[in-house]
Amino acid sequence: MAINESAILKSELRWTLVVAGIVAVILGAILFAALSMHINPPSNREYVDPKTIHLSSEFTEANLGTQVDQNGRVIARMITTQFQFIPNCIVLPAETDVTLRFTSPDVIHGLLVTGTNVNTMVVPGYVAQVHTRFTKTGDLLMPCHEYCGLGHSQMVATVKVVPRDQFRPDAQGRASCGDRR
Ligand code: CUA
């Protein structure tokens, strides 16, 4: 049975319209999410030289862990490296806006804090920053969730969330877990 050419053309045009319609709906959804719901890819880009982070950046050893700065902001800094977090425990106050900052000197790591929406990749050369507020107290597990080598499954840290009145930074504004393992 022969199909005539104009029927084929019509069928192709119909499918073109269907596909164009689907593309328009998807583009519309993306624009709606971006403009109306403010759902966008991360915009904050901060660079750090992975070769010198131990020596001269804000991630030198003395600067790691939890710190309350002059403006009262609570900031915790950690290095993710094969195959540990440094330090491997940070203490943070509950019901307080906190900033977590991470970087890596070697390979790509990732992390999440169980029971919260904290979840980020840590890429060498960049600072990964998370703003959050912990509502529950307790020792929260923070595993590496990006395969980074043979010791990946042993790479885990603790986020110790304490009630606000039990969060007592020292005179320099530093606070640590105390029993560092
Ligand atoms: Cu670090 Cu997996």
Is [X] reaching over with its side chain to a backbone N or O of [Y], donor-acceptor style, under 3.5 angstrom?
| X | Y | result |
| --- | --- | --- |
| T116 | V113 | yes |
| N119 | L112 | no |
| T16 | E12 | yes |
| R174 | L64 | yes |
| D106 | Q82 | yes |

Could you pull out the closest heavy-atom pair between [X] and [Y], with the gap in Å?
| X | Y | answer |
| --- | --- | --- |
| H131 | T99 | ND1-OG1, 3.1 Å |
| C144 | E146 | SG-O, 3.4 Å |
| P169 | F167 | CD-O, 3.4 Å |
| P105 | I53 | CB-CD1, 3.6 Å |
| K160 | C89 | CB-SG, 4.3 Å |

Distance in Å, [X] [atom1] paired with [Y] [atom2], rounded so as to fall on 0.5 Å steps:
| X | Y | atom1 | atom2 | value |
| --- | --- | --- | --- | --- |
| I90 | M142 | CD1 | CE | 5.0 Å |
| M78 | Q84 | CE | CD | 10.0 Å |
| T114 | H145 | OG1 | NE2 | 11.5 Å |
| T137 | R164 | OG1 | CZ | 14.0 Å |
| F85 | H109 | CZ | NE2 | 8.5 Å |
| T80 | M121 | OG1 | CE | 9.5 Å |

Kindly indicate whether the side chain of [X], heavy atoms from C-beta on, has any atom under 4.5 Å from the side chain of [Y].
| X | Y | result |
| --- | --- | --- |
| E46 | Y126 | no |
| F102 | V127 | no |
| Q67 | Q172 | no |
| P93 | V98 | yes |
| H54 | E61 | no |
| T66 | L92 | yes |
| M155 | P143 | no |
| V159 | L141 | no |

Problem set entry | Any residue meeting salt bridge (charged side-chain N to carboxylate O under 4.0 Å, His left out) with D69, in chain and number order, not counting sequence neighbours | R73
For this session: Indicate whether the side chain of D139 and that of T158 have a donor and an acceptor atom separated by less than 3.5 Å.
Result: no
Test of understanding: clusters of I, L, V, M, F, W, Y form through side-chain heavy atoms closer than 4.5 Å, transitively. Do [X] and [Y] belong to the same one?
| X | Y | value |
| --- | --- | --- |
| Y47 | F59 | no |
| V25 | L17 | no |
| L111 | V156 | no |
| F32 | I22 | no |
| L140 | V122 | yes |

Does atom [atom1] of [X] have more than 12 heavy-atom neighbours, drawn from other residues, nucleotides or ligands, at distances under 6.0 Å?
| X | atom1 | result |
| --- | --- | --- |
| Q166 | CD | yes |
| E95 | CD | yes |
| L150 | CG | no |
| F83 | CZ | yes |

For this session: For the pair V118 and L100, evaluate side chain to side chain contact (heavy atoms under 4.5 Å, CB included) and give the outcome as yes or no after the intermediate values.
Result: CA-CA 9 Å; V118 175; L100 311 176; 4.1 Å; yes
